There are 2 protein chains.
Amino acid sequence: MASDHTRSAILAAAERLYADRGFGDVTLRDIVAEANVNLAAVNYHFGSKDELIAELFVTRSIQTNRERLNELRAAEEKGGGRAAIEDIMRALVGPTLRGCLGPDREGSTAARFMIRASIESVPPIRRIKNREVDHLRKFAAAMRRAMPGRDDTELYWGLHFALAMAHHTIREKERLLRLSEGKCNLDDVRAIIDRVVTVSVMALTMGDVPSKPAVRPTLVHGRLTRQDL
Amino acid sequence: MASDHTRSAILAAAERLYADRGFGDVTLRDIVAEANVNLAAVNYHFGSKDELIAELFVTRSIQTNRERLNELRAAEEKGGGRAAIEDIMRALVGPTLRGCLGPDREGSTAARFMIRASIESVPPIRRIKNREVDHLRKFAAAMRRAMPGRDDTELYWGLHFALAMAHHTIREKERLLRLSEGKCNLDDVRAIIDRVVTVSVMALTMGDVPSKPAVRPTLVHGRLTRQDL
DNA sequence: GATAGTTTCATACAAATGTTTGAAATGCAA
DNA sequence: TTGCATTTCAAACATTTGTATGAAACTATC
């Protein structure tokens, strides 16, 4: 194991190709051609194609999860142990959206790969994905601390909808661009994050009785009243 | 063309198998075995495997789109030519959610097939999905009539988020169930539709100045009481 | 009931794909 | 250097897959 040159070349080439063309369209021969290595190298270094995909996915999963948890921890420190709900949602959707929607498209190969993994459903990845629930539970716990007394069901739906908007925006950005004839600016990632966070917090606080009218308006005006393109 | 027996047997078997095992796992040989027809029958009747998949998807898509437009038209008639925004959103997400989340989903292979089509991303279906934009434009137009003066960008984002929540709920219902430990009831389709519609309308009206405080509370309370089934 | 058009069938084909193999090359320590 | 383990390589393997073919069976019209 003197130099991982071949091994990492395969990983890089595979991730790039999968990100660009999807799992269904990329063969081992495509990968080794892109990596300039021999066909047998994949099975030598990874055992099988599925294990290569799995390694790719777990690596990136760990990275994204760590980013998210870092943001979450920072938010909790900022709030003295209890993060604000909007900061929690921001920590949840921010890393993914920034990674996948940013104009720095070349550095975001990893993110585009993760989107592929989210769109297509290939066996090795599906197996790993089942563990993601444990990760989301940490966010659910933080949300519970931020909104004590709120019904857990509402909380889960809010978390679910936040991921829905984030992932769907990434998944269907082409369609949204076409539908809006370019009016929806998908390069302004910060505005998109603000938008998703705002709507998520709205969804989470929507059960509030109108006798406490301060909550919602504050959020509405505090966050992105302005998302001009 | 005396009796479409073979043709429809293929369609039925294919839809069932695709619904159960996904596109990646089902071969033409599986389909013809399930349908008790000859292997060559698929190419004879449909031309190719992709055209078979396309026909399956187009058929179901047309059904869903017709349902949506019917609901939209009914809402517009009810409102005297201008439908209420929440009714428009309900027409947009209702048919899909009802079709894919109903408690009779075990028996409805069509619904499970559409879920598969939403989860996996196979070329013939992707091609067809691109035409969906034209269909969505009709909803954008209705929304524009319902909310005159509102910026088009906001309108598209609202439409986009509504579809995001609906589709993500269908796609990830297993995960949501597991994350919430069964607390999120995914069999109560009406409540889910109300929830998605409410959040969507919130997102659409979030730029409103608080000088018109009647809008949001009305929606909040009307959430679980309305039904247009 | 003969005939033309349609459908079914067994079988073959060609291409693609993940995997294996065994030898050659390379690196490294003694 | 020699010897040994690791890595690379070209080639082959074994399946699987969608599709094509040509004959047989069937159907309906005259």
Side-chain angles (χ1 to χ4, degrees), chain A residues 1-58 113 116-117 120-128, chain B residues 1-58 113 116-117 120-128:
Chain A
M1 202 175 289
S3 96
D4 280 343
H5 168 265
T6 300
R7 210 184 126 87
S8 37
I10 292 173
L11 283 171
E15 183 168 50
R16 183 151 16 110
L17 289 180
Y18 284 143
D20 284 343
R21 293 159 39 190
F23 296 100
D25 268 12
V26 176
T27 72
L28 286 190
R29 284 170 176 80
D30 294 331
I31 293 171
V32 298
E34 179 87 357
N36 280 311
V37 301
N38 187 268
L39 174 60
V42 173
N43 289 276
Y44 177 79
H45 285 281
F46 298 94
S48 70
K49 179 194 185 185
D50 277 11
E51 290 174 85
L52 166 62
I53 294 178
E55 171 151 347
L56 238 26
F57 185 68
V58 298
F113 169 82
R116 281 290 179 189
E120 299 184 27
S121 191
V122 71
I125 288 183
R126 195 173 328 154
R127 279 192 291 271
I128 298 163
Chain B
M1 206 177 292
S3 94
D4 281 343
H5 168 266
T6 301
R7 213 185 125 87
S8 38
I10 292 173
L11 284 170
E15 185 168 48
R16 181 150 18 109
L17 289 181
Y18 284 143
D20 283 344
R21 293 158 41 191
F23 296 100
D25 269 10
V26 176
T27 71
L28 286 190
R29 284 167 176 83
D30 294 330
I31 293 172
V32 299
E34 179 88 356
N36 280 311
V37 300
N38 187 269
L39 173 61
V42 173
N43 288 276
Y44 177 79
H45 284 282
F46 297 93
S48 71
K49 179 196 185 184
D50 277 11
E51 289 175 84
L52 165 62
I53 294 178
E55 173 152 344
L56 278 173
F57 185 70
V58 169
F113 171 81
R116 281 289 179 189
E120 299 185 28
S121 189
V122 70
I125 289 184
R126 191 177 344 212
R127 278 193 291 271
I128 296 164

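Per chain, numbering begins at 1; letters A, B, ... match sequence-line order. Since this is a predicted model, take the numbers as computed values, not measurements.
- Classification of the A/Tyr18-A/Phe23 ring pair by plane angle, with boundaries at 30° and 60°, yields tilted.
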Show your working on side chain to side chain contact (heavy atoms under 4.5 Å, CB included) between B/Arg16 and B/Phe113 and close with a plain yes or no. CA-CA 7 Å; B/Arg16 181 150 18 109; B/Phe113 171 81; over 6 Å; no
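- The separation between A/Asp4 atom CG and C/dG27 atom P is 15 Å, rounded to whole Å.
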Step by step, would you call B/Arg116 with B/Glu15 a salt bridge (charged side-chain N to carboxylate O under 4.0 Å, His left out)? CA-CA 10 Å; B/Arg116 281 289 179 189; B/Glu15 185 168 48; over 6 Å; no
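- One can place CD1 of A/Ile10 at 11 Å from C1' of D/dT7, the figure rounded to the nearest angstrom.
- Taking atom CZ on A/Phe23 and atom P on C/dT17, their separation rounds to 16 Å, with Å as the unit.
- One interatomic measurement links the two molecules: CD1 of A/Ile31 to P of C/dT17, which rounds to 11 Å at whole-angstrom precision.
- What separates CD of A/Glu51 from C1' of C/dG18 is a distance of 13 Å, to the nearest Å.
- Residue B/Val26 forms a side chain to side chain contact (heavy atoms under 4.5 Å, CB included) with just one option from B/Arg21, B/Glu34, B/Lys49, and that option is B/Arg21.
- Without hydrogens or angle criteria, B/Arg29 side chain to B/Leu39 main chain gives no donor-acceptor distance under 3.5 Å.
- In this structure, B/His45 places its NE2 atom 13 Å from P of C/dT6, rounding to the nearest Å.
- In this structure, A/Asp25 atom CG and C/dG18 atom P are separated by 12 Å, rounded to whole Å.
- Judged by distance alone, with hydrogens and angles left aside, the side-chain atoms of B/Asp25 form no donor-acceptor pair with the main-chain N or O of B/Gly22 at under 3.5 Å.
- Between B/Asn36 and A/Thr27, the residue anchored nearer the 5' end of DNA chain C, judged by the nucleotide with its closest heavy atom, is B/Asn36.
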Between the protein and nucleotides 19-21 of chain D, are there any N/O to N/O pairs under 3.5 Å, and if so, what are the atom names and distances?
residue : atom : partner : partner atom : Å
D/dT19  : OP2  : B/Asn43 : OD1          : 3.4
D/dT19  : OP2  : B/Lys49 : N            : 2.8

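- Separating the OH atom of A/Tyr44 from the P atom of D/dC9 is a distance of 13 Å, rounded to the nearest angstrom.
- Of the candidate nucleotides D/dT7, D/dT17, C/dT8, C/dT8 has the atom lying nearest to any side-chain atom of B/Thr6.
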